Amino acid sequence: MDSPDSSFYSRPTKVVARELLGKTLVRLIVNTMGQLTRISGIIVETEAYGFRDDPASHAYRGLTLRNNAMFGGIGRAYVYFTYGNHFCVNVTARSHEIKAGAVLIRALQPLEGIDLMKCFRKTDNLLSLTSGPGKVTQALNITRALNEEDMTNIKSKLHIEFGIDVFDIVTTRRIGITRALDKTWRFVVGHGEPTGYLNRYASRKQIKV
DNA sequence: TCGATGATTGAG
DNA sequence: TCAATCATCGAA
């Protein structure tokens, strides 16, 4: 078993969000030579989004066309388009008594296929490659076509594999939302000091670390 | 149908 | 600090 199975995702969404840190997000693509290649990174930042208890969640008001994946099978991808520019990728996860839930993957430590990431991102700046939810999807070429992909299957074009143990985990408020600001459902690998990214939000938006 | 909004990013 | 940019959703 190389990949967390459905039992991993059938737990409270914020528990899964925390434990996804250190796992590997893997994108399988066919290159120009017709060979299967891997683009991957260690998950270093996540956020949990819930159901009726979470006004910031897409699932808060119930099932819609967009959020269908959040109500469907667990361990699936929930990919959505936002701000007219960007895709964001989640993994669906929730305990049995909850009807919807997903974990937003906000940042990676680039691991495999870094040249391809640079190509998709149109930049050589390593620090800017996957340091944000819109950057992650761009670097891994994740679009709506991968919505509801089975993330527990190592053969899937988009899936999650076991990775490394992480020890320093920071918990903060979630980024870029206007509601449910009290919930500390964001999880970041590190000591709390500045990756430039964490620092950007910590200083400008007064995120409690 | 229509207007407001957004789980963002990059440039100034 | 701000514009880009458009799919989605709830209200009309």
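Lettering follows sequence order; numbering is per chain, from 1. Everything quoted here is computed from the prediction, not taken from an experiment.
Counting distance only, with no hydrogens placed and no angle test, the side-chain atoms of Tyr83(A) and the base atoms of dA7(C) include no donor-acceptor pair under 3.5 Å.
In the set dT8(B), dC9(C), dT9(B), the nucleotide with an atom closest to the side chain of Thr64(A) is dC9(C). Of all nucleotides listed (dG6(B), dC9(C), dA4(C)), dA4(C) comes nearest to the side chain of Asn85(A). Of all nucleotides listed (dT8(C), dT8(B), dG10(B)), dG10(B) comes nearest to the side chain of Ser128(A). When distances run from any side-chain atom of Ile177(A) to the nucleotides dA7(C), dC9(C), dA7(B), the shortest one goes to dA7(B).
Straight-line distance from the CZ atom of Phe87(A) to the C1' atom of dT9(B): 15 Å, rounded to whole Å. Straight-line distance from the CG atom of Asn68(A) to the P atom of dT8(C): 12 Å, rounded to whole Å. Look at CD1 on Ile105(A): it is 17 Å from P on dA7(B), rounded to the nearest Å. At whole-Å resolution of the value, CZ in Arg174(A) and P in dG6(B) are 14 Å apart. Between His86(A) atom NE2 and dT5(C) atom P there is a gap of 11 Å when expressed in whole angstrom units. Atom C1' of nucleotide dG10(B) and atom CG of Asp124(A) are separated by 17 Å, given to the nearest angstrom. Atom-to-atom, CD of Glu45(A) to P of dA7(B) comes out at 15 Å; the value is rounded to the nearest Å. What separates CZ of Arg66(A) from C1' of dC6(C) is a distance of 12 Å, to the nearest Å.
Residue Lys122(A) places none of its side-chain N or O atoms closer than 4.0 Å to OP1 or OP2 of dG10(B). Between Arg106(A) and dT8(B) there is a side-chain N or O to OP1 or OP2 distance below 4.0 Å. The phosphate of dT5(B) has neither OP1 nor OP2 within less than 4.0 Å of any side-chain N or O from Thr178(A).
Here the CG atom belonging to Leu25(A) is positioned 10.5 Å from the OG1 atom belonging to Thr137(A), to the nearest 0.5 angstrom. Rounded to the nearest 0.5 angstrom, Arg18(A) CZ and Ile169(A) CD1 are separated by 5.0 Å.
His159(A) approaches Asp150(A) most closely through the heavy-atom pair CB-O, 4.3 Å.
Cation-pi geometry between Arg106(A) and Phe187(A) is not met: the NZ or CZ atom fails to fall both under 6.0 Å from the ring centre and inside 45° of the normal. The cationic atom of Arg11(A) (NZ for Lys, CZ for Arg) does not lie both less than 6.0 Å from the six-membered ring centre of Tyr9(A) and within 45° of the ring axis.
Stacking of Tyr49(A) onto the six-membered ring of dA7(B) is present: less than 5.5 angstrom between centres, less than 30° between planes.
In terms of position along DNA chain B, the nucleotide closest to His58(A) lies nearer the 5' end than the nucleotide closest to the other residue of the pair Gln138(A) and His58(A).
Taking a pair to require two hydrogen-bonding distances under 3.5 Å in either a Watson-Crick or a G-U wobble arrangement, dA7(B) remains unpaired. Summarising the base pairing, dT5(C) is matched to no nucleotide, lacking a Watson-Crick or G-U wobble pair whose two defining distances lie under 3.5 Å.
Using a 4.0 Å heavy-atom cutoff across all strands shown, Arg121(A) reaches sugar-phosphate atoms only and no base atom. Nucleic acid contact class of Ala102(A) (heavy atoms, under 4.0 Å, all strands): none.
Ring to ring, Tyr49(A) and Tyr60(A) are not that close: their centroids are 6.0 angstrom or more apart.
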